[in-house]
Number of protein chains: 2
Amino acid sequence: MSHSRKVISIHELKVSCGDCSLSEICLPHGLNQEELNELDALILHKPRIEQGEVLFRSGDPMHHLYAVRSGAFKAVLSSNEGAEQITGFYLSGELMGLDGFGDDVHQCTMVALETSTVCAIDIDELEKLSTRAPGLRRQLRHLIGAEINHDHRNLLALGQLKGEERLAAFLLNISRRLKKRGFSPYEFNLPMARHDLANYLGLAVETLSRMFSRMIDADLIETNRRHVKLLNTKALCELAQYDCPRESHHASS
Amino acid sequence: MSHSRKVISIHELKVSCGDCSLSEICLPHGLNQEELNELDALILHKPRIEQGEVLFRSGDPMHHLYAVRSGAFKAVLSSNEGAEQITGFYLSGELMGLDGFGDDVHQCTMVALETSTVCAIDIDELEKLSTRAPGLRRQLRHLIGAEINHDHRNLLALGQLKGEERLAAFLLNISRRLKKRGFSPYEFNLPMARHDLANYLGLAVETLSRMFSRMIDADLIETNRRHVKLLNTKALCELAQYDCPRESHHASS
DNA sequence: CGGCTTTTTGAACCCCATCAATATCCGTGG
DNA sequence: CCACGGATATTGATGGGGTTCAAAAAGCCG
């Protein structure tokens, strides 16, 4: 909270898509300079969102899409009996709010898992711009497809895999996403509490804890609270029945 | 296969979006006349697809979206260990192929559940047209949102509901979709075999059969093979924890 | 009618939820 | 600095929902 720190913060708020380190995985990916400038013009950088705060709520009319700039979010869908299901976690560079496409009303509630920042994109402006920016249309389509594919893989996990296998699939999925962002795929901090992860995986917290313990005993991983180290990705891949990043020709980081 | 039968078939092949009874729930919904004509021009009416035949396969490059014109389909996602999960069933008027948006390659295999016909829409042509047809963009967005919301509700069901509750939710969902198409919401034929339905709901066939039996014993439904009659939608709604169509002011058929 | 698939029913087992208790971490204030 | 309290995480014991194995019943088609 010193003065110099404040300056840095202001600087960050001015970051444009072109300068953003996430541009290669986020909406700007594949855009030419002109498209990039136009996209930049309609993006609103929101200030910090603290842990537990809500970005949008089920029932809210949809006005924006949001890209995670820093931090992480969970999307929560509720039944009218109060049961809640986390349908996804969103890391930096990922697009949130597509659940409002159906009838222009958000179905999920989006909650920050840690202090986060987002880029808000007015949906009408994005729509207008997309008519004359083919690169933007293409990237938006790919991000939509990523959301759908993620959901489908999750359905496969919930419908076909056992608890331990689901956890393995999840860890590998996070690993891959973090690697894409330049972080180590073998050692990372999970942004969510056990409680949220258990819900996401359709398990009780206690069961999830047992799955972790079992994997630790089998020397597949090491954990310390939210810190996770993957020790045997091959075995994890076999457990997960999916997502094997093909430990390619000594090309790992 | 008589000559007169052939004539009928040809007639069906000439149906345009404007004449199609599904236009109100399918892609043409909300389009003006000009947009409609342009959409019509790029739609390819495919001939019959027999039960069990594949519309597209996991790994195929995506070239088209498909709308169900008659019949029904299932989307199957496979793990690399051979486990299969049905991620959705598609009825007339619904859009198939969005799973290819991610990287222009289909992730699911789409299989006809009965003899069916589809409208194929070239993705590049649709893309071009959408730049100058705002109504089409809007409707496409809504259909994408419907797919995402469907998947999310399914995740909620698989993660939070018990077998019987999932079945109730499914029956009500089918009921609502059929009602939208002008069929009775209380009595209908399921297009899929028990085997497929069990997989979709993440249950063993035997368990699903028991769920049916239990509902029959409780006078919630009646069944005869694939024919289903809903006797107590209120109770089904309570079971499903969702999707209650609100048995509105004596407005039922 | 005969052979096939589909559906239903029965019995034993297993994964996972639930209840209960302990352990660990973390922030706060004495 | 340590003590305390609350949230978070792990471990144990028990029971239930669902799978699996097995077999019978019912529908379908030639």
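Worth knowing before you read on, the calculation uses all heavy atoms, side chains too, and leaves out hydrogens, waters and symmetry mates. A, B, ... follow the sequence lines: proteins, then strands. Residue 1 opens every chain.
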Take the protein atom [atom1] of [X] and the nucleotide atom [atom2] of [N], then report the distance between them rounded to whole Å.
X	N	atom1	atom2	value
N199(A)	dT18(C)	CG	P	12 Å
Q160(A)	dT19(D)	CD	P	10 Å
L158(B)	dG18(D)	CG	P	12 Å
L190(A)	dT8(D)	CG	P	15 Å
E165(B)	dG17(D)	CD	P	11 Å

ask   = Can you list the steps and then say if S58(B) with Q107(B) is a side-chain hydrogen bond (donor to acceptor under 3.5 Å, both in side chains)?
value = CA-CA 5 Å; S58(B) 167; Q107(B) 303 296 312; 5.6 Å; no
inquiry  = Counting Watson-Crick and G-U wobble pairs with both distances under 3.5 Å, what is the dot-bracket string for DNA chain D, 5' to 3', using [ ] for crossing pairs and | for pairs to another strand?
reply    = ||||||||||||||||||||||||||||||
request  = Could you name each residue pair satisfying ring-ring contact (aromatic ring centres under 6.0 Å, His included) that touches residues 65-86 of chain B, not counting sequence neighbours?
outcome  = F56(B)-Y66(B), H64(B)-Y66(B)
request  = Would you mind checking if E206(B) and R210(B) are paired as a salt bridge, meaning a charged N to carboxylate O distance below 4.0 Å?
outcome  = no
message = Using side-chain contact (heavy atoms from CB on, under 4.5 Å), reason through N199(A) and V76(A) one step at a time and then give a plain yes or no.
response = CA-CA 10 Å; N199(A) 177 289; V76(A) 184; over 6 Å; no
inquiry  = Name the residue from L167(B), L158(B), D196(B), L161(B) that meets the side chain to side chain contact (heavy atoms under 4.5 Å, CB included) definition with L201(B).
reply    = L167(B)
T115(A)/Q51(A) under side-chain hydrogen bond (donor to acceptor under 3.5 Å, both in side chains): CA gap, chis, key distance, verdict = CA-CA 5 Å; T115(A) 302; Q51(A) 179 186 57; over 6 Å; no
ask   = Taking the six-membered ring where the residue is Trp, are the ring centres of Y200(A) and F89(A) under 6.0 Å apart?
value = yes
inquiry  = For the residue pair R194(A) and F212(A), would you count it as a cation-pi contact if the rule is NZ or CZ under 6.0 angstrom from the ring centre and within 45 degrees of the ring axis?
reply    = yes
inquiry  = Walk along nucleotides 3-17 of chain C from 5' to 3' and tag each nucleotide B, S or - by protein heavy-atom contact under 4.0 Å, base first, then sugar-phosphate.
reply    = ----SBBBB----SB
